[in-house]
Amino acid sequence: MSRVHELTFCSDASGWMNQELEARPELPFSRVVIEESTKRSRKRRDLTIYDRSDKIAVTGEVKLPYMADGGSPFNESVVEDAFNK
């Protein structure tokens with residue numbers, strides 16, 4: 001079995017989440033996008049979830065468990081990078 005690339009995983013996951021959000025308008029979120037950056041930085045957030053007023057509600061950094069930096073959610077460099085994004 002081949003390993004899924006992080007970008008492929010994020011794309012698939014955002015599709016699933018967007019389907020769910022479309023089907024359930026009572027949820028507080030409106031849409032999910034991938035690889036979005038701010039005007040101030042070239043760094044990109046893996047996942048960005050928007051609320052119903054189109055403001056950023058949740059951002060996420062995705063690391064797959066079989067990658068060197070994905071073995072723990074407590075990897076200090078990953079946490080710091082996500083915070084800075």
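No hydrogens, no waters, no symmetry mates; every other heavy atom, side chains included, goes into these values.
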Can you list everything that forms a side chain to side chain contact (heavy atoms under 4.5 Å, CB included) with [X]? Sequence neighbours excluded, please.
{"X": "Arg44", "answer": "Glu35, Ser37"}
{"X": "Arg24", "answer": "Glu20, Glu26, Leu27"}
{"X": "Ser77", "answer": "Asn75"}

Exercise for the section: Nearest 0.5 Å please: distance from the CZ atom of Phe83 over to the OG1 atom of Thr59. Expected result: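 Reported value, rounded in 0.5 Å steps: 10.5 Å.
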
Handout entry: Gap between atom CZ of Phe29 and atom CE of Met17 - 0.5 Å precision
Key =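 So the gap between those two atoms works out to 10.5 Å.
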
Handout entry: Joint cluster assignment, Val58 & Ile34, ILVMFWY side-chain distance < 4.5 Å
Key =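 Val58 clusters together with Ile34.
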
Is [Y] close to [X] at the side-chain level, that is, under 4.5 Å between some pair of heavy atoms?
{"X": "Ile56", "Y": "Arg45", "value": "yes"}
{"X": "Thr48", "Y": "Val32", "value": "no"}
{"X": "Tyr66", "Y": "Val4", "value": "yes"}

Practice task
List the atom of Glu6, the atom of Val62, and the distance in Å for their closest heavy-atom pair.
Solution key: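 Where Glu6 meets Val62 most closely, the heavy atoms are OE1-O, 2.8 Å.
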
Exercise for the section: Search all heavy atoms of Asp54 against all heavy atoms of Ser30 and return the closest pair with its distance. Expected result: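 In this case the closest contact between Asp54 and Ser30 is OD1-OG, 4.3 Å.
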
Could you list the donor-acceptor pairs under 3.5 angstrom formed between side-chain atoms of residues 8-15 and any protein atom two or more places apart in sequence or on another chain?
from  : atom 1 : to    : atom 2 : distance (Å)
Ser14 : OG     : Cys10 : O      : 3.3
Ser14 : OG     : Ser11 : O      : 3.0

Handout entry: Over 12 non-hydrogen atoms of neighbours within 6.0 angstrom of CD in Glu36
Key =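 Buried by this count: over 12 neighbours within 6.0 Å.
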
Exercise for the section: Using the test salt bridge (charged side-chain N to carboxylate O under 4.0 Å, His left out), find all partners of Asp81 that sit at least two apart in sequence or belong to another chain. Expected result: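 Per chain and number, Asp81 pairs via salt bridge (charged side-chain N to carboxylate O under 4.0 Å, His left out) with Lys43, Lys85.
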
Practice task
Return the set of residues passing salt bridge (charged side-chain N to carboxylate O under 4.0 Å, His left out) with Arg52 (not counting sequence neighbours), or none when no residue passes.
Solution key: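 Expected list: none.
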
Handout entry: Salt bridge Asp46-Lys63, side-chain N to carboxylate O under 4.0 Å
Key =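 Result for this pair is no, no salt bridge flagged.
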
